[in-house]
K.L.:
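Would you mind keeping the following structure in view while I ask a few things?
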Amino acid sequence: MSPLALAAAKALGYLQPDIDDADRALATLRQAWTVDGQAAAGFADFEAALVREGLRLRHLARRRPAS
């Protein structure tokens, strides 16, 4: 799992903030996806959406004025 997807999953509340292991995070998200009744084939789209959200969050963070 990419760092961008991991950051987005945490920001959106899909993962607890203390999860830093990418393999554990991916397993947790896959399990939640399956429990929610989503098709396994759709998980890649979900992960891609998390990466896009991670990119958006990183872009916003870079635009914030320095304090």
Side-chain angles (χ1 to χ4, degrees):
M1 168 167 270
S2 81
L4 290 169
L6 184 61
K10 288 178 183 181
L12 294 169
Y14 289 113
L15 293 173
Q16 296 296 321
D18 63 339
I19 296 179
D20 290 322
D21 177 38
D23 291 332
R24 181 176 166 214
L26 184 60
T28 301
L29 288 173
R30 281 187 187 272
Q31 181 180 16
W33 185 258
T34 302
V35 167
D36 194 42
Q38 302 298 321
F43 185 79
D45 292 332
F46 174 60
E47 192 172 6
L50 288 174
V51 170
R52 288 190 300 274
E53 178 63 7
L55 286 167
R56 188 187 76 80
L57 292 172
R58 184 173 69 184
H59 178 73
L60 288 175
R62 288 182 177 171
R63 291 186 57 184
R64 287 190 195 125
S67 304

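Only a predicted model underlies this, so the values are computations on that prediction, with no experimental measurement involved. Only this structure's heavy atoms are used, side chains among them; waters, hydrogens and symmetry mates stay out.
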K.L.:
Using the test side chain to side chain donor-acceptor pair (under 3.5 Å), find all partners of Arg58 that sit at least two apart in sequence or belong to another chain.
P.N.:
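For Arg58, no residue satisfies side chain to side chain donor-acceptor pair (under 3.5 Å) once neighbours in sequence are set aside.
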
K.L.:
For residues 5-24, which residue pairs pass the ring-ring contact (aromatic ring centres under 6.0 Å, His included) check, not counting sequence neighbours?
P.N.:
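Every pair satisfying ring-ring contact (aromatic ring centres under 6.0 Å, His included) with a residue in residues 5-24: Tyr14-Phe46.
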
K.L.:
Go through the structure and list residues passing side-chain contact (heavy atoms from CB on, under 4.5 Å) with Asp45, not counting sequence neighbours.
P.N.:
none

K.L.:
Between Leu50 and Trp33, is there shared hydrophobic-cluster membership here, with clusters defined by ILVMFWY side-chain heavy atoms closer than 4.5 Å?
P.N.:
yes

K.L.:
Using a distance-only test with no angle check, is there a side-chain donor-acceptor pair under 3.5 angstrom linking Asp36 and Gln38?
P.N.:
yes

K.L.:
List for me each residue that meets side-chain contact (heavy atoms from CB on, under 4.5 Å) alongside Gln31, sequence neighbours excluded, and say none if there are none.
P.N.:
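Result, side-chain contact (heavy atoms from CB on, under 4.5 Å) vs Gln31: Val35.
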
K.L.:
If two hydrophobic side chains count as joined below 4.5 Å and joins carry through other members, does Phe43 share a cluster with Ile19?
P.N.:
yes

K.L.:
Just list the side-chain donor-acceptor pairs under 3.5 Å for residues 20-30, sequence neighbours left out, or say none.
P.N.:
from: Asp20; atom 1: OD1; to: Lys10; atom 2: NZ; distance (Å): 2.7
from: Asp21; atom 1: OD2; to: Arg24; atom 2: N; distance (Å): 3.2
from: Thr28; atom 1: OG1; to: Arg24; atom 2: O; distance (Å): 2.8

K.L.:
Could you list who else is in Leu4's hydrophobic cluster, with ILVMFWY side chains joined at under 4.5 Å, directly or through other members?
P.N.:
Val51, Leu55

K.L.:
Measure the spacing between CD of Glu47 and CG of Leu6 and express it to the nearest 0.5 Å.
P.N.:
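Glu47 atom CD to Leu6 atom CG measures 10.5 Å (nearest 0.5 Å).
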
K.L.:
Heavy atoms only: give me the nearest Gly54-Ala8 pair and the separation to one decimal.
P.N.:
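Closest heavy-atom pair between Gly54 and Ala8: N-CB, 3.6 Å.
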
